[in-house]
Trainee: 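Got a structure for you, questions after.
Here is the naming used below: chain letters follow the sequence lines, and residue numbers restart at 1 for every chain. Atom set for the values below is all heavy atoms of this structure, side chains included, hydrogens, waters and symmetry mates excluded.
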Amino acid sequence: MRIATWNVNSVKARLGNVTEWLDSAKPDVVLFQEIKCETAAFPLQAFQDLGYHCAVVGQKAYNGVALLSREEPTDIITRLPGEPEDEQARYVEATVGGIRIASLYLPNGNPVGTEKYPYKLRWMDRLKAHASSLLASEVPFVLGGDYNVIPEARDVYDPAAWVTDALFRPETRAKFREITHLGLVEAFRAVHPTAERAYSFWDYQAGAWPRDMGLRIDHFLLSPQAADRLVGCAIDKGPRGQEKASDHTPVVLELAA
DNA sequence: ATGGTTGGCCTCCAA
């Protein structure tokens with residue numbers, strides 16, 4: 001099974017790029033983040049025409065996630081447990097082919113001096129708690145999406161310049177490690193243990209893309225049973241180089257059978 | 001060189 005994750009930065013502004021990529025990459029499942037539209041405004045038909053079922057959690061203007069799959073997803077949940085007052089559209093999870101698969105958009109957390117940063121850390125605590133309960137259930141699972149976390153110094157073009165940023169602060173990285181240390185496998189790093197300058201995001205500003213000033217912030221975390229089936233994980237830089245590109249590019253996970 | 005871009009929305013916010 002091939003599962004892709006892609007922060008599309010507005011599914012409506014990106015519809016041409018996205019459908020063209022799906023048509024060539026043909027993932028079995030694709031996880032979108034930052035669809036930036038309400039659920040009812042999601043361009044369902046375009047994706048149904050490509051053979052996908054869609055589980056969509058949208059909101060006006062910001063955030064928004066979706067899970068698309070060739071097989072109909074079941075047992076869909078539309079929010080991360082904990083903080084029921086949290087209305088931000090950042091999580092959708094469903095069962096596809098016997099695997100629990102989530103599309104998540106972890107809060108950015110900048111600027112650090114505001115309430116946005118503690119919200120990010122609380123969201124990570126909630127993700128950790130949810131991952132713990134999924135592990136206890138012993139169902140194989142894949143948590144994919146835009147984590148807004150740079151795991152290590154080699155995952156950013158200039159670590160010193162980013163050390164006070166919410167994506168790379170030591171406290172953020174420590175929280176990310178708390179999650180992986182539950183026993184999850186970060187798929188790209190497992191498959192490419194020595195890769196450098198392997199990025200999934202390049203800012204629109206300051207010529208970041210042509211200068212390869214990127215970050216690796218889009219990840220797949222795999223449960224032990226899912227990791228046993230890990231065949232490959234690759235970043236497809238193609239879409240980032242196109243006209244009207246998202247600032248993120250797809251990451252593709254391959255699981256056996 | 002204290003720079004620069006994009007999307008959504010409505011005058012700036014978020015990234």
Trainee: Among all residues two or more places apart in sequence or in another chain, which pass the side-chain contact (heavy atoms from CB on, under 4.5 Å) test with A:Arg79?
Mentor: A:Glu87

Trainee: If you write DNA chain B from 5' to 3' in dot-bracket form, with Watson-Crick or G-U pairs under 3.5 Å, [ ] for crossing pairs and | for pairs with another strand, what do you get?
Mentor: ....((((...))))

Trainee: May I ask you to say what A:Arg211 touches in the nucleic acid, namely base, sugar-phosphate or nothing, with a heavy-atom cut-off under 4.0 Å?
Mentor: nothing

Trainee: Using the C1' atom as the reference point in each nucleotide, state the distance between B:dA14 and B:dG4 in Å, no decimals.
Mentor: 16 Å

Trainee: Reading DNA chain B from 5' to 3', where do the contacts with chain A start and stop? Cut-off is 4.0 Å to heavy atoms.
Mentor: B:dG4 to B:dA15

Trainee: Taking for each residue the nucleotide of DNA chain B with the nearest heavy atom, is it A:Gln205 or A:His248 whose nucleotide lies nearer the 5' end?
Mentor: A:Gln205

Trainee: Please figure out whether A:Ala245 or A:Phe201 has its closest DNA chain B nucleotide nearer the 5' end.
Mentor: A:Ala245

Trainee: Given the P atoms of B:dT5 and B:dC9, what is the spacing between them in whole Å?
Mentor: 22 Å

Trainee: Heavy-atom contacts under 4.0 Å between residues 56-65 of chain A and DNA chain B, which residues?
Mentor: A:Lys60, A:Ala61, A:Tyr62

Trainee: Tell me, yes or no, whether the heavy-atom count around A:Arg122 atom CZ, taken from other residues, nucleotides or ligands under 6.0 Å, exceeds 12.
Mentor: yes

Trainee: Closest heavy-atom contact between A:Pro111 and A:Thr114?
Mentor: O-OG1, 2.7 Å

Trainee: Would you please indicate if the ring centroids of A:Phe47 and A:Phe42 are separated by under 6.0 Å?
Mentor: yes

Trainee: What pairs of donor and acceptor atoms, side-chain ones from residues 179-187 of chain A against any protein atom, are under 3.5 angstrom apart with sequence neighbours left out?
Mentor:
{"residue": "A:Thr180", "atom": "OG1", "partner": "A:Arg177", "partner atom": "O", "Å": "3.1"}
{"residue": "A:His181", "atom": "ND1", "partner": "A:Arg177", "partner atom": "O", "Å": "3.4"}
{"residue": "A:Glu186", "atom": "OE1", "partner": "A:Arg216", "partner atom": "NH1", "Å": "3.4"}
{"residue": "A:Glu186", "atom": "OE1", "partner": "A:Arg216", "partner atom": "NH2", "Å": "2.8"}
{"residue": "A:Glu186", "atom": "OE2", "partner": "A:Phe188", "partner atom": "N", "Å": "3.2"}
{"residue": "A:Glu186", "atom": "OE2", "partner": "A:Arg189", "partner atom": "N", "Å": "3.3"}
{"residue": "A:Glu186", "atom": "OE2", "partner": "A:Arg216", "partner atom": "NH1", "Å": "3.1"}

Trainee: Within 45 degrees of the ring normal and closer than 6.0 Å to the centroid, is that where the cationic atom of A:Arg14 sits relative to A:Phe32?
Mentor: no

Trainee: How are the rings of A:Phe176 and A:His219 set to each other: parallel, tilted or perpendicular (split at 30° and 60°)?
Mentor: tilted

Trainee: Taking only residues two or more places apart in sequence, or in another chain, which ones meet A:Asp146 in a salt bridge (Lys or Arg N to Asp or Glu O under 4.0 Å)?
Mentor: none

Trainee: If you measure from the Lys or Arg side-chain nitrogens to the Asp or Glu carboxylate oxygens, is any gap between A:Arg126 and A:Asp86 under 4.0 Å?
Mentor: yes

Trainee: Has A:Arg197 got its NZ or CZ under 6.0 Å from the middle of the six-membered ring of A:Tyr157, at an angle within 45 degrees of the ring axis?
Mentor: no

